[in-house]
Amino acid sequence: MTTSAARADVRTLQTDVLVIGGGPAGCWAAWRAAQSGARVVLADKGYVGTSGATAPSGTGVWYVPPEAEAREAALASREVLGGHLADRGWGERVLDQTYANLEQVAQWGYPFPVDEAGRQRRTSLQGPEYMKLMRKVVKQAGVKILDQSPALQLLLGDEGAVVGAEGVSRQGDAAWQVRAGAVVLATGGCAFLSNALGCNVLTGDGYLLAAESGAELSGMEFSNAYGLSPAFSSVTKSAFYRWATFRYEDGSVIDGAGSKHGRSIIARHLEAGTQVYALLDLANDDDRRYARSAQPNFFLSFDRVGIDPFTQQFPVTLRLEGTVRGTGGLRLVDAGCATTVRGLYAAGDAATRELICGGFTGGGSHNAAWATSSGYWAGEAAARFALGEGAGAHARSAIAAGGATQSGGRVLDARELTRAVQHEVQPYSKNLFRSGAGLTHSLTQLDGYWRTLRQSAPALDPATRQHEREAAAMLATARWMYRSALARTETRGMHKRLDHAAQDPAQQHYIHSGGLDQVWTRSHRAPWHQAAQPAEVAA
Amino acid sequence: MIELVSAERCINCDLCVQVCPTNVFDAVPGDNPVIARQHDCQTCFMCEAYCPVDALYVAPFAERTVNVSEHELERDALLGSYRRAIGWSPGARAAPDQSFRLLRGG
């Protein structure tokens, strides 16, 4: 298999570090790599500054000053929720790096709010402002940005190391190839085009790119996060539902339904065809006053349909956020966020967040801290590799890693494939409430779709090709998810098995996965998986 | 989903074409950009935030299209309302982020 570099209409660039994905993790990686002396190209399939789950949102940040008591509380608070899978060492590293990075953000001029004592409060970031700033900073660092430029496959050198990537430009229809000494994947998680806020660009692209090069994943069973939103709207900002009571259409309260504990009850009602309504009547006057400035876009949808969510109940739904708010992703093997493939690094939601969250994350705070920290480390390590061992990688011969995925002659209907995958992963009855029989049935379907995909030929039109790759990535992601879920015969973190409802102390381990035609899983007990952890029944 | 490119307000700067993360718009030489792939819109409101003349309107409905009246949107001060809320309109200032006064999480 050859690359398309020989074609005349390919724009070819040589660089030290290529970062794929321009959300917060990708921007931090690009900035840090440039700071470390590397030439850097940053490619995003959308636009660096608006792309990803952070840009259109407000997000909390897991920002804890280096005071022993506060740090201890922060680390301890997630251990039970996460099923005792996180590592304190990684948690402490992330808290330290996030603290330092947000100081940097303040120096760059981000307008953090100031409290009565005159102190900046750095526990939240407004997405549009933060990502606009990150674009500016990255550009000033000399990073070359390729917007509207989806990557389609990685390039592998002779010894199996990643030496670049190739893709297309959606505006102008030219192909591009970047030869690099190292590649950082910061492509986000996978939310299966469920219209969760900012998440439709997050289709697991980086997982597929990496797996085609032989990389491994971890924690893909922790992939069934669902976000609350008004039924009509994309705005999956769940924080304010802590003030909600959940009701039937006639206004009577649904017993046991809640935002944090009791989402299952909401899901059960929705699954049965009973519309659930929310009313934010538990908010006090101060809450109501401050909420608007904390998350302007939470109110945007309501303002535009003329609903006051504090006094009028509105219909809600649960949108699949998959591994965006789940914790599974590419497996990391060292402190520099290297994957199992030489020259390939992963950051942000593209990487597993089990290291700091275990099997559960209920909020964006940890993901925001992870994005800035892992991006920083991956950028630094990728630069070091590119300027050392990986130097001159662009001069070596390379083959494209993704050719096998569509190596037949048939026409693929990407929209139909996407719908078929969604049909297996979106229903609460299949993904939120899992069972061995249900997972096995879904996998039979999904494996069949994979065989069909393999027999197809890539489209020539760049836009269609991109949709094909997204559909392929979602399909591959679904298969790693459900194989991992089948392998974890217990309930732990967000992973709920109806046929194994209790936590099993013998399964305090990670589940690695990988493979394309043959998907495999393997349990892995990390050194920190020794802590006492009682058998628990998940809420 | 995106429902309106106002012919009265649009200055053909094509910023929306550049910044849309799902590539919904197409630039048209010498004319206003068009909504070419409405069903790829993810209802993230970012185009509205970046539009310098408040010529765009994203309806809050993620899964269905609706008819909008520019006259009514203008009357109800909805054109540019998101840009004003985040303090990106000329002269507008975002209210300071009060998240820290609320409970943590989310």
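What you see is a predicted model; the values in this text were computed from it and never measured. Every chain is numbered from 1 and lettered A, B, ... according to where its sequence line falls, protein lines coming before strand lines.
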Can you check whether B/M46's main-chain N or O pairs, donor with acceptor, with A/T50's side chain at less than 3.5 Å? no
Apply side chain to side chain donor-acceptor pair (under 3.5 Å) to A/Q171 and B/N23, showing your working. CA-CA 8 Å; A/Q171 297 178 358; B/N23 197 30; 2.8 Å; yes
NZ-CD1 distance between A/K132 and B/I86, expressed to the nearest 0.5 angstrom: 7.5 Å
For the side chain of A/Q148 and the backbone of B/Q18, is there at least one donor-acceptor N/O pair under 3.5 Å apart? yes
Ignoring hydrogens and geometry, is there a side-chain-to-backbone donor-acceptor pair from A/S293 to B/P96 under 3.5 Å? yes
With chain A as the partner, which of B/C47, B/P21, B/C20 has the greatest number of non-hydrogen pairs under 4.5 Å? B/P21
A/R304 bridged to B/E3 by N-O distance under 4.0 Å: no
Counting only heavy atoms closer than 4.5 Å, note whether A/F302 contacts chain B via side chain, backbone, both or neither. neither
Under 4.5 Å from any heavy atom of chain B, what part of A/V235 do you find: side chain, backbone, both or neither? side chain
Among A/G52, A/P56, A/G49, the residue with the most heavy-atom pairs under 4.5 Å to chain B is A/P56
Per-residue tally against chain B (heavy atom, under 4.5 Å) across A/K45, A/Q466, A/E129, A/R292 peaks at A/E129
Identify which part of A/D44 has an atom lying under 4.5 Å from any heavy atom of chain B, answering side chain, backbone, both or neither. neither
Between OG1 of B/T43 and CG of A/N297, what distance do you get to the nearest 0.5 Å? 12.0 Å
Closest approach of B/A85 to A/P296 (non-hydrogen atoms, all atoms of both residues): CB-CB, 4.1 Å
With only heavy atoms counted, which part of B/F45 is less than 4.5 Å from chain A, the side chain, the backbone, both or neither? side chain
Quick check: are there more than 12 heavy atoms from other residues, nucleotides or ligands sitting under 6.0 Å from CZ of B/R75? yes
So, the part of A/R319 with a heavy atom under 4.5 Å from chain B: the answer is side chain
Does B/F61 reach the side chain of A/V305, with side-chain heavy atoms less than 4.5 Å apart? yes
Minimal heavy-atom distance between B/F100 and A/P113, with the atoms involved, is CE2-CB, 3.8 Å
Quick check for you: among A/L300, A/D303, A/N195, which has the greatest number of heavy-atom pairs under 4.5 Å with chain B? A/L300
Around atom CZ of A/R289, are there more than 12 heavy atoms of other residues, nucleotides or ligands at under 6.0 Å? yes
Spacing of B/L15 atom CG and A/Y47 atom OH [to the nearest 0.5 Å]: 7.0 Å
Between B/Q42 and A/N200, is there a donor-acceptor pair closer than 3.5 Å when you use the side chain of the first and the backbone of the second? yes
Pick whichever of A/C199, A/P111, A/S233 has the most heavy-atom pairs under 4.5 Å with chain B. A/S233
Can you confirm whether A/D285 is buried at CG, in the sense that more than 12 heavy atoms of other residues, nucleotides or ligands lie under 6.0 Å from that atom? no
Which one, B/L78, B/V58, B/D76, B/D26, leads in non-hydrogen pairs under 4.5 Å with chain A? B/V58
Could you tell me whether the side chain of A/S234 and the main chain of B/A62 form a donor-acceptor pair under 3.5 Å? no
Interatomic distance, CZ@B/R64 vs CZ@A/F232, rounded to 0.5 Å, equals 9.5 Å
With a 4.5 angstrom heavy-atom cut-off, could you sort out which part of A/A283 is near chain B: side chain, backbone, both or neither? neither
What distance do A/D287 atom CG and B/Q98 atom CD have between them, rounded to the nearest 0.5 Å? 12.0 Å
